[in-house]
Protein chains: 2
Amino acid sequence: MTVSKTAEKIAEKSGDATKGRKDATEAQPEALQLGELSEQLGYVLKRAQLKVFENFLRCMASLQLTPAQFSVLLLVEKNPGRNQTEVASTLGILRPNFVAMLDNLESRDLCARIRSTNDRRSHILVLTDKGKAVLTRAKKLVATKHEARLNDLLGQANREALIGMLSKIANEF
Amino acid sequence: MTVSKTAEKIAEKSGDATKGRKDATEAQPEALQLGELSEQLGYVLKRAQLKVFENFLRCMASLQLTPAQFSVLLLVEKNPGRNQTEVASTLGILRPNFVAMLDNLESRDLCARIRSTNDRRSHILVLTDKGKAVLTRAKKLVATKHEARLNDLLGQANREALIGMLSKIANEF
DNA sequence: GATATTTGATATGGTCAATAACAATTATCA
DNA sequence: TGATAATTGTTATTGACCATATCAAATATC
C-alpha cells in the first residue's frame with residue numbers, strides 16, 4: 001500500500017509537464033544544499049551510526065538481536081561470572097535500564113542470572129547453551145553480512161583505520 | 001531452567017579474583033575484557049558518537065544549542081525560504097517531530113515561520129537577525145572548541161579521511 | 001466543481017536514558 | 001559485637017526522541 005502510493009506520486013510528478021513549473025526540465029523540487037553540515041563531525045557521525053545500526057538489524061533479523069543485545073552476549077561470553085553492575089557499566093548502560101534488557105535475554109533462554117554464593121546480593125551472568133549457539137550464529141552473520149560490507153566499501157586498510165580512529169575518539173575525546 | 005554445572009562453578013569462583021586481591025591499599029575489581037566488541041563497527045561508532053555529542057553540548061553550553069538545533073540553523077541559513085517539510089526531511093526529521101523543534105527555535109527568536117504567498121499552506125523558514133548572530137557565534141565555538149579537538153587528536157589529514165569515510169557510510173551503506 | 005494531495009499541526013505510543021527510592025545483603029568501624 | 005553505611009538488583013517515574021495515524025486548511029488534479 002505504501003509502495004503503490006509512492007509509485008503513484010512519482011508517476012504523477014514525473015508525468016505532468018503542463019503545470020507552471022519554475023523550471024520545465026526539473027520536475028522534482030531541488031534538493032537543499034547541505035553546506036557546512038557535510039563537514040560537521042557530529043552530523044556525519046550520527047548519520048553513519050544510524051545507517052550502520054539499520055543495516056545491523058537487517059542482518060540480524062533472523063536472530064532478532066539488537067546491537068545492544070549483541071554487545072551484552074559478546075561481553076558475557078568473554079567475561080563469564082561477572083554481575084549485572086559490572087556488565088552494564090562496561091557497556092555504558094545504567095543498572096536500572098539493564099534489568100529489562102536481561103529479562104528479555106533470559107526469557108529467550110540466551111543468558112541466565114545466577115545468585116552468587118560469595119555475595120548473595122549479586123547475580124552472576126552466564127550464557128546458556130542456546131545463548132552460546134545463537135551468539136556463534138550471530139557472529140557469523142555480522143562478519144559475513146555486516147562487517148564485510150565495510151571492506152567492500154572502504155577496503156581493508158581504511159576499515160581498520162576507521163575503527164582505530166573511532167576508538168580513539170570514544171576513549172580520548 | 002537448565003543451568004550447566006560449569007555455571008555453578010563460575011558462581012563460586014566469581015568472587016575469588018577480587019577477594020583474594022583485597023590488600024590494605026586499594027581493591028579495584030578488574031575491568032572487563034571488551035574482546036571482539038572493540039572491533040565491532042556499530043559499537044565503536046555509537047560510543048564515538050555519544051562522546052562527540054557530549055562534547056558538542058559542553059562547547060555550546062553558553063548558546064544552549066543541541067546538535068540537532070545547530071543543524072537546523074545551518075541548513076536554514078544555507079537554504080533560506082524553504083518550508084518545514086523540506087528542511088525536516090533533509091535532516092531526517094519527521095514533520096510532526098519538527099514542529100516542537102521549530103516552536104523552540106522560534107520562541108527564542110532564532111528563526112521565523114513566514115506564511116508563503118505562493119502556497120499558503122506552507123511556512124517559509126528564515127533566520128532572524130538574532131538567529132544569524134547566534135549561528136555565527138556557534139560556528140566559531142564549534143570550530144575552535146569542538147572540531148579543533150579532532151585535529152589535536154587525529155591530525156588534519158586523518159580528520160579529513162575520517163569525515164570522508166563516515167560520509168561514504170552515511171550515503172552508501 | 002468534485003476529489004485527491006500536500007502542509008503544518010495534534011495526539012499518541014514506543015523505545016531509551018536518567019534519577020530517586022526500596023529491600024536484601026554485605027561492609028565498616030566505634 | 002552491634003549500629004551505621006554502602007552495594008546490588010529492582011521498581012517507579014520522568015523526559016527526550018522516534019514513529020504512526022489523523023485533522024483542517026490550502027492546493028492540485030481531472
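All heavy atoms count here, side chains included; hydrogens, waters and symmetry mates do not. By convention in this document, chain letters (A, B, ...) are assigned in the order of the sequence lines, proteins followed by strands, and residues within each chain are numbered from 1.
Atom P of nucleotide C/dG8 and atom CZ of B/Arg82 are separated by 12 Å, given to the nearest angstrom. Taking atom CG of residue A/Asp103 and atom C1' of nucleotide D/dG9, one finds them 11 Å apart after rounding to whole Å. Between the C1' atom of C/dC16 and the CZ atom of B/Phe53 lies a distance of 15 Å, rounded to the nearest Å. Spacing between atom CG of A/Leu105 and atom P of D/dG9 amounts to 15 Å, rounded to whole angstrom units. As a whole-Å value, the separation of B/Ile114 CD1 from C/dG8 C1' is 16 Å.
Ring centers of A/Tyr43 and B/Phe70: at least 6.0 Å apart, outside the cut-off.
Near DNA chain D, defined here as any heavy-atom distance below 4.0 Å, the residues from residues 86-102 of chain B are B/Leu94, B/Pro96, B/Asn97, listed numerically. Residues from residues 120-128 of chain B that place a heavy atom under 4.0 Å from any atom of DNA chain D, listed by number: B/Arg120, B/Arg121.
For the pair A/Asn83 and A/Lys46, both in contact range of DNA chain D, the more 5′-proximal nearest nucleotide belongs to A/Asn83.
Under the 3.5 Å distance criterion, the side-chain polar atoms of B/Lys130 are left unmatched by any main-chain donor or acceptor of B/Asp109. Between the B/Asn171 side chain and the B/Ser167 main chain, a donor and an acceptor come within less than 3.5 Å of each other. Between the side chain of B/Thr90 and the backbone N or O of B/Glu86 there is at least one donor-acceptor pair closer than 3.5 Å. A donor-acceptor pair under 3.5 Å is formed between the side chain of A/Thr128 and the backbone N or O of A/Leu110. Of the possible donor and acceptor atoms, none in the side chain of B/Glu147 sits under 3.5 Å from a partner among the backbone N and O of A/Gln40. Between the side chain of B/Arg47 and the backbone N or O of A/Leu91 there is at least one donor-acceptor pair closer than 3.5 Å.
Members clustered with B/Leu57: none, using a 4.5 Å side-chain heavy-atom cutoff among hydrophobic residues.
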